[in-house]
Amino acid sequence: MAEPSGKRLKTNLPNCKTHRAFLGSRVKQNLPAVVEESLCGVSTLLMEVAYRLDALAKIFEQDDIALPRVAAFFHEHSVNEQAQAEAMLDYLSDRGGQYCSKDIQRPGCEEVCAVIPALELMLGQWKEEMAVMVELSQLSKEHSDPHSASVVKSRFLGPLVPRVKLLGDLLTNARRVGCTSDRSGGFGEYLIDQLQEELTNVSSG
């Protein structure tokens with residue numbers, strides 16, 4: 001049986017429930033309402049990820065932890081995530097869509113105080129982001145919007161794949177050198193902070 005018009009299947013996409021399509025746009029062409037709504041919701045998700053990574057950076061800047069290169073690593077990716085959010089907003093605008101401004105959720109990482117849980121949180125965020133982009137691309141295809149499907153895949157999903165792999169490797173190395181999951185810290189944290197080249201490789205991937 002065909003899906004009733006307007007009904008949404010169960011989805012993990014962070015949709016904007018209060019979204020209102022910009023009906024007066026002259027540039028809107030073949031942008032399905034469900035895709036526009038999802039682009040709006042995913043843009044907010046990217047902003048929340050950027051906010052969370054910036055909060056992690058500030059944790060490692062604290063004088064009782066003092067891992068400046070680790071802090072710089074999280075800050076750089078916070079900036080990257082914000083840039084991705086802005087790129088998605090630009091795409092939404094170019095297609096004649098509208099973004100609904102909304103409150104960004106609190107970072108929820110106040111209890112993180114060591115390298116391993118911070119990297120685990122970041123890895124979880126990127127895996128969630130990948131899953132969302134895959135679903136958004138598929139949704140666009142299903143609603144006859146191949147342009148959005150292609151842009152999401154190449155511009156937003158593609159860069160995440162090598163970053164997830166490299167971050168997983170970094171997490172493995174953090175465990176190998178003895179990083180802890182609490183404030184006890186140790187030489188492992190110092191070694192990870194000194195691995196500037198590896199952190200840079202992850203950042204540029």
Side-chain angles (χ1 to χ4, degrees), residues 12-14 16 39-91 99 101-136 152 155-175 179-183 185 188-205:
N12 293 319
L13 284 171
C16 177
L39 287 168
C40 181
V42 173
S43 297
T44 300
L45 170 68
L46 295 176
M47 293 180 196
E48 291 175 348
V49 173
Y51 187 16
R52 191 164 292 117
L53 295 183
D54 187 59
L56 289 172
K58 288 180 170 58
I59 288 172
F60 292 102
E61 289 173 351
Q62 296 173 5
D63 56 9
D64 59 337
I65 299 180
L67 297 174
R69 287 181 177 142
V70 173
F73 168 70
F74 283 106
H75 177 69
E76 179 176 348
H77 279 292
S78 172
V79 171
N80 289 343
E81 291 290 336
Q82 184 62 37
Q84 288 291 77
E86 292 171 1
M88 184 164 286
L89 290 178
D90 287 342
Y91 175 71
Y99 176 69
S101 297
K102 57 185 72 68
D103 294 334
I104 304 300
Q105 298 296 316
R106 290 175 59 85
C109 55
E110 293 81 3
E111 300 302 317
V112 175
C113 58
V115 170
I116 286 180
L119 292 176
E120 289 174 339
L121 177 60
M122 186 178 189
L123 183 59
Q125 289 279 235
W126 277 355
K127 285 182 176 180
E128 177 187 359
E129 198 174 312
M130 282 184 64
V132 164
M133 295 304 176
V134 168
E135 188 170 350
L136 179 55
V152 169
R155 177 69 175 82
F156 299 97
L157 176 59
L160 280 169
V161 176
R163 290 178 183 174
V164 167
K165 170 62 169 63
L166 288 169
L167 187 58
D169 292 344
L170 182 59
L171 187 55
T172 297
N173 288 335
R175 294 192 178 104
C179 288
T180 64
S181 297
D182 54 38
R183 283 187 176 275
E189 277 73 12
Y190 173 78
L191 287 176
I192 285 295
D193 191 57
Q194 296 304 305
L195 290 176
Q196 184 180 16
E197 182 177 356
E198 184 163 356
L199 292 177
T200 301
N201 286 341
V202 177
S203 299
S204 60

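This chain uses plain numbering: 1 for the first residue, then up along the sequence.
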Please round to the nearest 0.5 Å and tell me the distance separating atom CD1 of Ile116 and atom CG of Leu170.
10.0 Å

Rounded to the nearest 0.5 Å, what separates atom CD in Gln125 from atom CG in Leu46?
10.0 Å

Which atom pair, heavy atoms only, marks the closest approach of Gln82 to Ala50?
N-CB, 3.7 Å

Output every pair passing salt bridge (charged side-chain N to carboxylate O under 4.0 Å, His left out) with a member in residues 114-129, not counting sequence neighbours, ordered by first then second residue.
Glu120-Arg175

side-chain contact (heavy atoms from CB on, under 4.5 Å) between Val42 and Met133: does it pass, once the steps are laid out?
CA-CA 8 Å; Val42 173; Met133 295 304 176; 3.7 Å; yes

Could you state the interatomic distance from CD (Glu81) to CH2 (Trp126), rounded to the nearest 0.5 Å?
7.0 Å

Rounded distance [0.5 Å steps], CG in Leu53 versus NE2 in His75
11.0 Å

For the CZ atom of Phe73 and the CG atom of Leu167, what is their distance to the nearest 0.5 Å?
5.5 Å

Identify the two heavy atoms, one from Phe156 and one from Gln84, that lie closest to each other, and give their separation to 0.1 Å.
CE2-O, 3.3 Å

Should the ring pair Phe74 and Phe60 be called parallel, tilted or perpendicular, given that the plane angle runs from 0 to 90° and is split at 30 and 60?
parallel

Scanning both residues in full, the closest heavy-atom pair of Ser43 with Tyr99 reads CB-CE1, 4.1 Å

Quick one: are Val132 and Glu135 in side-chain contact, heavy atoms under 4.5 Å?
no

side-chain contact (heavy atoms from CB on, under 4.5 Å) assessment of Met47 paired with Leu89:
CA-CA 11 Å; Met47 293 180 196; Leu89 290 178; 3.3 Å; yes

Applied to residues 39-59, the ring-ring contact (aromatic ring centres under 6.0 Å, His included) test, sequence neighbours excluded, yields none

CA sep, side-chain torsions, deciding dist, call: Leu136, Met88, side-chain contact (heavy atoms from CB on, under 4.5 Å):
CA-CA 12 Å; Leu136 179 55; Met88 184 164 286; 4.2 Å; yes

What's the separation between atom CG in Leu166 and atom CZ in Arg163, rounded to the nearest 0.5 Å?
10.0 Å

Closest approach of Val112 to Ile59 (non-hydrogen atoms, all atoms of both residues)
O-CD1, 3.4 Å

